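Have a look at the structure below, then the notes.
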Amino acid sequence: MGEPATDPVLEMTGIRKVFPGVVALDGVDFRLYPGEVHALMGENGAGKSTLIKVLTGVYEIDGGDIRLGGEQVRIAGPLAAQKAGISTVYQEVNLCTNLTVAENIFIGREPRAFGKIRWGVMRKRAAELLKRLDLDLDVSAPLSTYSLAIQQMVAIARAVDISARVLILDEPTSSLDASEVEQLFRVMRRLKDDGVAILFVSHFLDQIYEISDRLTVLRNGQLIGEYRTAELPQVQLVEKMIGKELATLESLEDKAQRSRTRSATAAPILQAKGIGRTGAIAPFDLTIHEGEVVGLAGLLGSGRTELARLLFGADKADQGELSIDGKPVTLRDPQMAMKRGIAFSSENRRTEGIIGDLSVRENIILALQAARGWTRPIPRRKQDEIVDKYVKALSIRPADPERPVRNLSGGNQQKVLLARWLITEPRLLIIDEPTRGIDVGAKAEIQKLVAELSDGGMAVLFVSAELEEVLRLSHKIAVLRDRRLVEELDNTAGVDADRIMQTIASGATS
Amino acid sequence: GGGGDSGSGGGKDDGKLVLGFSQVGAESGWRTANTKSIQDAAAAAGYELKFSDAQGKQEKQIEAIRSFITQKVDVIAFSPVVTSGWDSVLKDAKDAGIPVILTDRAVDSQDKSLYKTFLGSDFVKEGKEAGDWLVKQNEGKTDPVNVVELQGTVGAAPAIDRQKGFAEAIKANPNIKIVKSQSGNFTRAEGKTVMEGILQSTPDIDVLYAHNDDMGLGAIEAIEAAGKKPGKDIQIITVDAVKDGMQALADGKINFIVECSPLLGPQLMDLAKKVKAGETVDPRILTEETTFTQEQAKAALPDRKY
Amino acid sequence: MTIVKNRLFWPVAILVALLIVNLFTSNQFITLQDGHLFGALIDILRGSAPLILVALGMTLVISTGGIDLSVGSVMAISGAVACLLIKDLGDQNATGSVLLIMGVAIAVSAALGLWNGSLVAVVGIQPIIATLILMVAGRGLAQLVTDGQIINVQSSPYATVATGFFLTLPVAFLIAMAAVALILVLTRRTALGLLLESVGGSPSASRLAGIRAKRITVMVYVVSGAFAGLAGLIYSANIKSADSIAAGNLIELDAILAVVIGGTALIGGRFSIAGTVVGAILIQTLQVTVVSIGVPSKATLLFKAVVVVVLCLSQSATFREKVFGRFKLRSEVPA
Amino acid sequence: MTVMSPQPVTTDPAINPRRRVYRPNTKYIPILATLALLLVMYLGGLVNYENFDQPSVVVNLFRDNAVLLAVAVGMTFVILTGGIDLSVGAVISLTTTLTATLLQGGWPPLLVLPLVLILGALLGAGMGAVIHYFRVEPFIATLAGLFLARGLALFINQESIPIRDELWTTLSDMRIPLGETTKTTLTAIVALVAVLIAAAVLAWTRFGRNVYAIGGSADSALLMGLPVARTRIAVYTISGFCAALGGVLYTINSTSGHALQGTGTELDAIASCVIGGVLLTGGAGYVFGSLLGVMVFGLITTIINFQGDLNAAWTRIVVGVLLFGFIVLQRLVTRRTR
Ligand SMILES: Nc1ncnc2c1ncn2[C@@H]1O[C@H](COP(=O)(O)OP(=O)(O)OP(=O)(O)O)[C@@H](O)[C@H]1O
Ligand SMILES: Nc1ncnc2c1ncn2[C@@H]1O[C@H](COP(=O)(O)OP(=O)(O)OP(=O)(O)O)[C@@H](O)[C@H]1O
Ligand SMILES: [Mg+2]
Ligand SMILES: [Mg+2]
């Protein structure tokens with residue numbers, strides 16, 4: 001395969017990494033050249049994140065060696081990696097949410113004078129840096145006050161600002177919307193021109209083809225091959241990733257043909273009138289009917305998550321009325337919503353989703369068990385049955401339900417969360433970024449699943465940063481802007497991404 | 001001395017003597033009786049008592065004494081938690097012109113002018129009396145006498161001194177040997193568990209010497225549970241003479257108790273009045289204490305108050 | 001649960017080692033006498049009952065990410081209440097009344113647990129401070145109840161709780177084992193265990209999964225209080241008196257240590273009841289061993305330090321990895 | 001793809017675009033609330049007790065709690081990383097015993113002083129290393145440290161040992177005048193200086209910020225390339241040093257050493273930090289908060305001393321009630337503003 005004329009800045013050969021019971025990497029070779037964007041591709045659990053963690057010294061390798069600038073190195077840990085010129089954004093946002101935005105960007109390399117941190121300078125620089133990424137944040141606010149997507153941008157800002165030879169981005173775009181992605185790509189191109197080598201992981205094929213020069217495909221911890229992106233058609237890439245011909249991709253197209261008009265007789269499940277929460281989202285009206293998929297569209301921080309949380313009682317609304325099945329209710333906590341058949345899967349799977357210590361099985365049955373109350377345990381046989389079914393249906397890997405969920409790859413954790421809510425058989429399923437970090441195959445499966453569920457009468461509130469996905473699935477799309485529901489439109493023939501973007505831009509009111 | 005300051009508070013104008021008393025803590029029934037005696041005696045004498053409980057901590061006691069100085073009391077009295085480390089705060093009291101009386105335990109200050117007098121017991125002497133009794137019991141005998149010692153809290157002054165005095169007393173008799181010496185923390189429950197353990201591992205015990213009644217009473221339970229007769233199979237010597245201990249002594253379960261009286265109240269009030277008036281008092285006043293055998297206990301028991 | 005087994009391997013090994021020491025130092029390690037078992041081992045089992053009980057409650061509290069410092073004071077209150085009531089009984093040997101009184105004492109303790117739980121879950125005070133309040137004030141209450149004196153009782157049914165034997169085994173140990181069984185059933189036969197571990201593992205995720213964390217939190221403090229109360233009864237029945245000053249003094253430290261030795265992390269989440277029991281018996285055995293091998297009292301703490309250091313190293317995965325040469329994981333970071 | 005301006009303009013001031021969502025920046029509110037409540041408590045004392053208005057009441061607050069303050073400073077570092085140090089009280093006892101014994105044995109004071117301080121720091125460093133490298137729970141590692149330190153102290157000398165060394169007695173007798181009638185001691189000044197240094201280190205140095213980062217999330221801190229090992233060992237070293245410093249202040253304060261001194265100080269120190277708003281889970285709080293926490297305890301004791309008619313039982317109950325009132329009020333005030 002054609003490689004650039006220069007020598008690789010980074011070369012990994014025969015990398016092997018074994019976790020108890022899993023060979024995560026088995027003799028993987030990987031090369032990264034200066035001035036290229038190199039995509040690392042593979043299904044969920046293929047070993048991408050593990051390769052990155054091995055490279056940055058988070059995990060000790062069990063075999064193989066790493067060369068940096070031609071010299072063999074043993075990287076002892078992230079600190080050493082950073083010193084060696086490798087700057088990384090890990091898959092799950094790994095920042096300290098108790099610190100301010102500015103600190104998260106600069107911690108470990110704060111501007112100092114005589115050992116004393118120059119806070120003012122730091123804040124100013126942070127603000128400037130974020131402005132370049134088109135973010136206008138209060139840099140002295142704790143990071144925890146911002147949404148996950150913004151935290152992801154902050155992590156990127158930090159990594160980008162560490163002037164490095166190698167920049168690693170593990171699924172940085174998983175919850176970013178189109179404009180943020182574009183922003184990020186602009187920065188990446190600039191760095192690339194400066195000769196930085198960039199390792200990029202994403203499950204969005206469009207993004208891969210837009211930004212990457214070359215790509216390496218992993219499958220089940222093994223190297224499949226290294227290719228020039230331009231020379232490898234998309235279908236072939238997917239086939240290499242999943243190791244078989246992709247039938248689901250076609251079925252994906254079928255879905256486009258799905259009737260997007262819900263039956264007129266369907267009864268409303270949930271009606272919100274003037275529901276709002278000060279500082280989070282302005283009062284809004286929204287009705288969701290049986291079998292209806294309602295998509296939420298909007299930019300980063302537009303309030304989609306807030307809206308969804310109010311309908312689940314995760315946050316308390318401080319005004320307005322909510323009725324479920326025509327009966328008014330005040331949702332004080334999630335349990336009340338669950339009792340009325342509502343389920344909610346949070347976008348923030350690490351802190352609001354999985355319980356890392358618990359096994360896959362326990363994580364899956366958790367919500368169902370909570371709904372039944374502690375006195376009525378689900379019999380173990382039934383648990384195994386349910387869990388088995390969903391592990392297969394969502395192809396959760398490794399298919400060992402007794403493994404602690406924290407050891408699963410990011411995408412597989414997301415599938416576990418989906419399974420958790422699906423088994424409660426809700427009447428209204430609220431899913432916030434359900435396909436975040438999920439590979440192409442599984443994503444198609446999940447979309448198919450949503451469509452099926454809705455055909456079976458389940459209502460779905462679908463929140464996603466990926467507009468195409470929202471358009472493909474929804475009967476009705478609610479558009480948010482600046483924490484305000486600005487328009488509600490039926491997903492008819494005339495509605496497309498441009499139309500929605502226009503609404504967002506112009507701020508038309510309903 | 002005299003309360004010197006012109007700016008003393010209005011409350012004292014009625015001429016009522018204000019006594020600040022800092023107690024060690026409430027670590028035992030003995031101590032509670034001691035506290036009660038002082039509170040009652042103050043009330044009876046018509047003095048205003050400022051009482052502070054140090055919870056066994058020297059720093060709290062120092063804090064309390066300083067607070068008494070700030071509050072401008074007439075006399076300060078306290079039972080020192082430990083022997084050393086009082087010079088600084090006593091100097092503060094002296095500078096403020098407030099006389100100090102030590103109760104119950106002595107301090108090792110070199111500057112004797114820092115306090116007026118010491119009222120209390122001599123722990124070493126208590127240990128010695130316990131030892132003397134044992135020696136006397138075995139006078140002329142040469143059979144080995146195996147003694148088990150239940151010590152008080154490790155590092156606490158009464159524990160150290162009672163051990164010292166006892167060891168000194170039996171020193172001259174090589175046949176009397178301490179075979180096991182363990183801390184029972186001055187409590188009944190630990191006295192019992194420790195004794196259980198000792199009974200399990202030590203085949204031949206003739207005498208038990210416990211640093212206080214409570215540990216002795218706990219040990220009695222353990223001895224009975226092991227099928228032995230306390231007071232007969234194993235002779236028991238304790239210190240304190242609280243009511244429960246005296247009862248056991250009268251019942252023949254304990255053989256000898258060295259009294260350590262907590263009833264210092266009346267004597268203390270008397271001394272307080274004297275030092276306030278500037279009279280000179282003896283630098284060391286020992287409380288009236290005695291020892292009890294089983295017969296004496298039977299006689300004394302009916303009017304035992306604590 | 002191979003991991004739990006691994007975690008418990010060393011504590012159990014040390015426990016066995018200490019027991020072997022006692023086997024040699026004691027006249028009778030275990031024998032049958034007067035129709036019941038007797039000997040050093042039985043003393044250990046009997047003596048460990050209060051600690052097992054307190055540590056059980058503590059395990060549940062810790063699994064939710066909390067801590068209960070007030071157990072010692074609750075023990076003191078429970079014993080004081082029981083002895084005070086028994087002393088006033090016309091016939092101190094009336095089994096029915098004594099049982100009733102013990103029920104009252106446990107109810108009072110549970111109520112104190114409710115107080116702790118409410119402060120933590122409803123008012124939202126950090127557990128260490130919330131329970132510190134009762135730790136300080138509770139002992140004052142106990143002293144108030146007993147007027148600072150030791151209250152003696154002469155009730156044989158009461159004494160049986162601590163010193164009696166049933167089916168050749170000490171009643172106190174049987175009570176502790178019954179409590180262990182109860183907790184095992186409660187946590188492993190119902191879904192309580194899962195919900196506890198989930199709340200301790202991630203409160204925010206648990207809430208969104210629909211778990212009513214507050215109720216569960218209050219409940220574990222109530223259980224902890226009730227068990228501490230029961231432990232207080234055994235403590236006081238053992239010496240046939242209520243010692244409001246010494247009862248349960250510093251037991252919270254031993255209980256937490258037992259829990260940690262047993263493999264439950266202080267940050268909450270996964271817990272092991274079996275581990276806690278091993279931990280509690282280990283601590284009690286250590287206490288007894290100090291006496292039986294006659295460690296001089298001034299060296300007692302050093303001796304304990306050595307054992308805890310050995311334990312503490314054996315708890316370490318890194319240390320065990322060296323011993324077993326198992327998998328190498330430099331830093332365990334969630335994927 | 002980007003067809004529109006990514007920066008929409010908003011006119012509604014209540015709803016900021018892309019702004020932080022829920023909470024205003026409330027980081028100082030807990031501390032201010034604590035301070036306010038502390039003042040209320042002081043005023044309560046003023047109204048109720050004669051002689052409470054004397055400046056020495058406030059001055060003695062620092063003087064009497066100098067040891068606890070020094071220890072709480074070190075404890076703040078440890079708790080901020082999400083750890084705990086149970087060994088501090090025992091380190092105090094070891095320090096006082098060793099100091100007194102060595103001075104009694106005629107060692108030069110200027111050698112003894114650094115020696116015991118270094119010993120405390122080393123002990124802390126050892127525990128930190130065990131905690132970090134062997135991943136032992138801080139609770140159990142420092143509990144072992146507690147047994148070890150107090151065990152050593154008791155082994156060295158069980159008795160209360162007077163210090164007659166000239167340097168120590170001079171330092172002990174030293175009075176620093178504040179105004180006309182009030183004087184304070186060296187120990188109070190040293191403790192306050194320790195607070196100031198700690199505050200500066202935590203707020204203005206890289207090390208200080210790393211402490212907060214580790215408390216926020218040790219995993220993240222590691223992945224962000226922060227020196228987690230070094231920092232974690234350092235906080236336990238600092239805590240050990242501060243405890244030893246507390247021990248030295250103790251010997252200066254009382255010119256004696258005793259193996260039972262400092263019993264229970266660990267709990268007081270932890271409680272002070274937590275009352276001062278330091279989160280036990282790590283990552284949030286200030287050393288000034290810990291200072292206020294110490295003052296809360298000190299003031300409660302002062303009030304009880306002035307009350308002067310409480311026996312042991314009532315003393316405990318009143319401490320509990322005051323603590324309860326304080327904490328619940330503190331909680332209500334901070335929750336209201338959140
Ligand atoms: N700490 C760990 N302990 C045990 N197994 C692990 C651990 N981390 C990862 N694994 C396993 O290693 C394999 C590779 O995981 P990895 O996170 O590298 O996948 P990935 O390619 O990044 O997937 P995704 O696209 O879902 O992020 C998975 O089977 C996972 O379960
Ligand atoms: N006090 C809080 N409690 C719970 N969650 C909070 C709190 N403060 C902030 N958050 C989190 O911050 C997020 C704010 O989301 P935002 O307003 O950016 O919503 P969004 O429109 O869904 O945008 P995004 O695409 O960034 O998710 C929420 O998802 C929520 O999880
Ligand atoms: Mg990954
Ligand atoms: Mg969102």
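A quick note: this is a predicted structure, and the numbers were derived from the prediction, not measured. Any value given below was found using the heavy atoms of this structure, including those in side chains, with hydrogens, waters and symmetry copies removed. In what follows, chains are A, B, ... by sequence order, proteins preceding strands, each numbered from 1.
Your options are B:Gln200, B:Gln55, B:Lys192, B:Lys243, and the one with the most heavy-atom pairs under 4.5 Å with chain C is B:Gln200. Among B:Val242, B:Thr32, B:Ile220, the residue with the largest count of heavy-atom pairs under 4.5 Å with chain C is B:Thr32. The choice from C:Gly148, C:Ser236, C:Ala246 that makes the most heavy-atom pairs within less than 4.5 Å of chain B is C:Gly148.
Only the backbone of B:Ala225 comes within contact range of chain C, with heavy atoms under 4.5 Å apart. Looking at C:Asn152, only its side chain comes within 4.5 Å of chain B, counting heavy atoms on both sides. Within the 4.5 angstrom heavy-atom criterion, atoms from both the backbone and the side chain of B:Val194 approach chain C. Within the 4.5 angstrom heavy-atom criterion, only side-chain atoms of C:Gln143, from C-beta onward, approach chain B. Interface remark: B:Leu217 contributes no atoms to any contact with chain C (heavy atom separation under 4.5 Å). With a threshold of 4.5 angstrom between heavy atoms, B:Asp214 approaches chain C through side-chain atoms but not through N, CA, C or O. Heavy-atom distances place the side chain of C:Tyr235, and not its backbone, under 4.5 Å from chain B. Proximity to chain B (any heavy atom under 4.5 Å) is restricted, for C:Thr163, to the side chain, taken from C-beta onward.
Between atom CD of residue B:Gln182 and atom OG1 of residue C:Thr300 there is a gap of 5.5 Å, rounded to the nearest 0.5 Å. For the atom pair B:Thr187 OG1 and C:Ile239 CD1, the distance stands at 7.5 Å (nearest 0.5 Å). Atom CD of B:Glu221 and atom CG of C:Asn238 lie 7.0 Å apart (nearest 0.5 Å). A distance of 11.0 Å separates CD1 in C:Ile151 from CG in B:Asp244, rounded to the nearest 0.5 Å. One finds the CD1 atom of B:Ile160 at 10.5 Å from the NZ atom of C:Lys298 (value rounded to the nearest 0.5 Å).
Nearest heavy atoms, B:Ser201 versus C:Val291: OG-O, 4.3 Å.
Other residues, nucleotides and ligands contribute more than 12 heavy atoms inside 6.0 Å of the NZ atom of B:Lys57. Within 6.0 Å of atom NZ in C:Lys240, 12 or fewer heavy atoms from other residues, nucleotides or ligands are found, so the atom counts as exposed in its surroundings. Annotation for B:Lys50: atom NZ counts as buried by contact number, over 12 foreign heavy atoms lying within 6.0 Å.
Counting heavy atoms from C-beta on, the side chains of C:Arg46 and B:Glu196 come closer than 4.5 Å. The side-chain heavy atoms of C:Ser241 and B:Arg188, taken from C-beta on, include a pair separated by under 4.5 Å.
Between the side chains of C:Ser297 and B:Gln151, at least one donor N or O sits under 3.5 Å from an acceptor N or O.
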